[in-house]
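Right, one structure below, let's go through it.
A note on names: the letters A, B, ... follow the listed sequences, proteins ahead of strands, and every chain is numbered from 1.
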Number of protein chains: 2
Amino acid sequence: MAGRAAVPEVIWARPERAGRGPRPAFTRADIAAAAVGIADEGGLDAVSMRHVAAALGCGTMSLYNYVPRKEDLYELMFDAVSGEHELWEPSGDWRADMMRVARQTRELMHRHPWLPRLMSPVYGFSPNALRYLEHCLACLDPLQDMKYGMKMQLVGLLNGVVTMYVANELSTAERTRNLPWSEEQENAARIAYLGRQVATGAYPRMAAAFTEDPGPIDLDAVFDLALERVLDGFDPSR
Amino acid sequence: MAGRAAVPEVIWARPERAGRGPRPAFTRADIAAAAVGIADEGGLDAVSMRHVAAALGCGTMSLYNYVPRKEDLYELMFDAVSGEHELWEPSGDWRADMMRVARQTRELMHRHPWLPRLMSPVYGFSPNALRYLEHCLACLDPLQDMKYGMKMQLVGLLNGVVTMYVANELSTAERTRNLPWSEEQENAARIAYLGRQVATGAYPRMAAAFTEDPGPIDLDAVFDLALERVLDGFDPSR
DNA sequence: CCTTCACTAAGTACAGCGTACGTAGTTGCC
DNA sequence: GGCAACTACGTACGCTGTACTTAGTGAAGG
């Protein structure tokens with residue numbers, strides 16, 4: 001009988017090292033690093049209990065001594081990359097600080113393209129996620145008249161927008177990872193189909209959008225612009 | 001030899017009914033409806049080729065005559081629920097129209113809680129998705145000086161914010177669907193842990209946020225407010 | 001009309017998944 | 001030293017997507 005936990009439990013609440021028994025062979029950081037490495041390499045779907053265990057050099061079922069469910073492995077991964085956020089002394093310019101946070105989050109997600117899929121408030125309780133949130137709130141200290149509830153909204157909205165933006169940036173790349181053809185082929189096929197549909201005349205505004213001179217397509221600039229718009233909405237001086 | 005397609009191909013580009021051979025037993029709409037029903041009932045993870053085939057009353061492998069890959073089944077599902085968008089004659093007030101679009105999308109996602117997970121621009125080429133996008137652009141006609149590129153940005157950002165908002169609303173509910181305990185138990189465990197962490201004093205602003213009077217917690221009002229903020233950023237009259 | 005052949009339908013099989021369970025070995029505490 | 005708690009891990013089960021094979025159907029061409 002292996003009396004394993006079957007009760008609601010946050011993984012961060014269970015001690016990493018128990019008092020009795022042999023010294024565990026790995027730390028949570030080891031496991032998280034292995035899983036993150038696999039996900040960076042082969043996508044989130046490559047992260048299986050068997051693969052992670054193999055990367056660590058242990059039996060598959062031994063992993064369950066550290067991670068009660070696969071969900072918790074995801075939680076470990078999320079916390080690990082949350083720790084990559086650089087946290088600085090707030091500058092006093094909350095807009096500049098929030099833009100810096102957002103740009104950094106975007107870079108983080110480009111480094112770990114599986115991260116948007118794991119973005120969820122249920123992972124927001126991990127140590128590094130809490131540190132990150134506290135840092136965001138610190139950056140918003142200049143907004144003295146804004147309630148914390150609203151600040152949380154602001155941070156949440158900003159994170160959400162960054163997540164969606166990067167998810168869109170990476171969508172075809174991540175999709176074709178498990179498909180038998182390349183991203184370029186996929187895009188070409190879809191654009192060709194779209195062109196045929198628009199040519200039917202059923203979507204006049206879409207057609208206009210496609211004939212319009214797109215101007216400079218600087219993804220970084222578009223990102224900044226969208227973010228500035230969101231901040232505009234919260235700026236009391238506007 | 002069953003010459004199945006192994007080339008990049010949008011499912012909407014292949015004809016639903018071939019010239020020769022017996023009449024197919026189902027339409028794409030039948031299949032989409034079955035899959036949507038299963039997802040509504042048991043979550044997206046309950047949608048397997050076997051389940052959908054069983055719901056249709058056919059063999060598992062027969063499904064592959066209609067849907068070359070499971071990805072395409074998702075695409076069918078996305079298109080089917082995209083068809084549930086109500087499209088009206090634009091009122092001339094673009095802000096009011098966009099708010100109505102956003103509220104409707106939120107309702108749609110509450111009706112189909114798996115939809116946020118499928119939200120991706122790669123599905124934006126389906127017939128109903130194109131109709132929806134054209135409708136959004138029509139609602140933005142009053143913004144005569146705005147380029148279509150920017151209007152696309154606006155629609156994309158709005159959809160993204162709605163998606164993230166609803167994903168957050170539903171996160172614990174969808175998470176506990178596959179967990180052996182209830183959403184309430186899960187939330188209680190996490191809040192208890194969070195309380196313990198905040199009590200350590202390591203997160204002073206988080207602590208302040210939790211002691212602050214939260215005021216009215218009307219999720220609908222918060223949603224509207226966040227959306228209005230995003231629209232503010234695009235409003236030339238502000 | 002009858003042949004032809006593209007198409008539909010379905011079964012079998014395989015590799016991979018999460019994980020329940022049982023067992024053996026190791027270590028710290030009384 | 002003995003006991004209890006813990007680690008480690010192999011086996012097994014039910015599930016997944018889907019490649020491949022075979023059989024049957026029905027519209028088009030001669």
Side-chain angles (χ1 to χ4, degrees), chain A residues 1-7 11 14-28 30-31 35 38-39 42-77 175 177-181, chain B residues 1-7 11 14-28 30-31 35 38-39 42-77 175 177-181:
Chain A
M1 204 69 68
R4 290 179 177 94
V7 291
I11 189 165
R14 60 154 60 181
E16 185 162 2
R17 171 90 168 95
R20 303 277 265 274
R23 170 169 298 273
F26 315 107
T27 65
R28 263 174 208 161
D30 293 333
I31 296 171
I38 292 174
L44 190 59
D45 292 335
V47 176
S48 71
M49 299 301 274
R50 283 169 172 82
H51 277 164
V52 175
L56 288 167
C58 73
T60 304
M61 294 315 289
S62 306
L63 253 192
Y64 283 90
N65 288 317
Y66 303 86
V67 175
R69 271 159 289 105
K70 195 189 176 187
E71 268 293 310
D72 296 299
L73 183 57
Y74 287 150
E75 199 149 350
L76 254 46
M77 294 171 68
R175 176 189 154 89
R177 202 192 263 282
N178 299 319
L179 255 47
W181 51 75
Chain B
M1 203 70 68
R4 290 183 177 91
V7 291
I11 189 166
R14 60 153 59 181
E16 184 160 3
R17 172 90 169 92
R20 301 276 266 277
R23 172 170 296 273
F26 315 108
T27 65
R28 266 176 205 160
D30 292 333
I31 295 171
I38 291 173
L44 190 60
D45 292 335
V47 176
S48 73
M49 299 301 273
R50 283 168 173 80
H51 277 162
V52 174
L56 288 168
C58 72
T60 304
M61 294 315 288
S62 305
L63 251 193
Y64 281 89
N65 289 314
Y66 302 87
V67 175
R69 271 159 292 102
K70 198 193 174 184
E71 268 292 311
D72 296 300
L73 183 58
Y74 288 151
E75 197 147 351
L76 255 46
M77 293 171 68
R175 176 187 153 91
R177 202 191 266 282
N178 299 318
L179 255 46
W181 51 75

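- Within the 4.5 Å cutoff, the side chain of A:R177 has no heavy atoms near those of the A:D45 side chain.
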Between protein and nucleotides 1-3 of chain D, what N or O pairs are separated by less than 3.5 Å?
none

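- The backbone N or O of B:F26 lies less than 3.5 Å from a partner atom in the side chain of B:Y66, making a donor-acceptor pair.
- Nearest heavy-atom pair across A:M77 and A:A39 is CE-CB, 3.6 Å.
- With distances taken from any side-chain atom of A:R69 to the nucleotides C:dA10, C:dT19, D:dC9, the minimum falls on C:dT19.
- Across the protein-nucleic acid pair, A:D72 atom CG and C:dG18 atom C1' stand 13 Å apart, rounded to whole Å.
- The two residues A:T60 and A:A53 make their nearest non-hydrogen contact at CA-CB, 3.6 Å.
- Of all heavy-atom pairs spanning A:L76 and A:R28, the tightest one is CD2-CG, 4.0 Å.
- Between the P atom of D:dT16 and the CG atom of A:D45 lies a distance of 16 Å, rounded to the nearest Å.
- Looking only at side-chain heavy atoms (C-beta outward), B:V67 and B:V52 stay at 4.5 Å or farther from each other.
- Residues passing the salt bridge (Lys or Arg N to Asp or Glu O under 4.0 Å) test with B:R175, sequence neighbours excluded: A:E71, B:E186.
- Considering only side-chain atoms of B:M61, the nucleotide from C:dT8, D:dT7, C:dT12 that sits closest is C:dT12.
- Applying the ring pair (Phe, Tyr, Trp, His ring centres under 6.0 Å) rule to A:Y74 yields no partners; only residues at least two apart in sequence or on another chain are considered.
- Between A:K70 atom NZ and C:dC17 atom P there is a gap of 8 Å when expressed in whole angstrom units.
- Between B:R23 atom CZ and D:dA28 atom P the separation is 11 Å, expressed in whole Å.
- Rounded to 10 degrees, the angle separating the terminal axes of the helix from C:dC1-D:dG30 to C:dC30-D:dG1 is 10°, with each axis obtained from five end pairs.
- D:dT18 atom P lies 14 Å from atom CG of B:N65, rounded to whole Å.
- Between the side chains of A:D30 and A:T27, at least one donor-acceptor pair of N or O atoms lies under 3.5 Å.
- Between the P atom of C:dC17 and the OH atom of A:Y74 lies a distance of 11 Å, rounded to the nearest Å.
- Of all the heavy atoms in A:I11 and A:P68, the pair that sits closest is CD1-CD, 4.1 Å.
- Computed from coordinates, the B:N178 CG to D:dC15 C1' distance equals 13 Å when rounded to whole Å.
- Side-chain contact between B:Y64 and B:M49 is present, with at least one heavy-atom pair separated by less than 4.5 Å.
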Please enumerate all protein N or O atoms sitting under 3.5 Å from an N or O of nucleotides 23-25 of chain D, with distances to 0.1 Å.
none

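- With rounding to the nearest 0.5 Å, the separation of CG in A:L73 from CD1 in A:I38 is 8.5 Å.
- A:A46 and A:G42 get closest at one heavy-atom pair: CB-O, 3.5 Å.
- Nearest heavy-atom pair, A:N65 versus A:R14, reported as atom, atom and distance to 0.1 Å: O-NH1, 3.9 Å.
- Between B:L73 atom CG and D:dT18 atom P there is a gap of 10 Å when expressed in whole angstrom units.
- Counting non-hydrogen atoms under 4.0 angstrom, A:Y66 reaches the backbone sugars and phosphates but no base.
- In the region residues 46-57 of chain A, proximity to DNA chain D at under 4.0 angstrom, judged on heavy atoms, holds for A:R50.
- The shortest distance between the side-chain N/O atoms of B:S62 and the OP1/OP2 oxygens of C:dT8 is not below 4.0 Å.
- For B:C58, taking side-chain heavy atoms from C-beta onward, the closest of the listed nucleotides C:dA10, D:dT18, D:dA8 is C:dA10.
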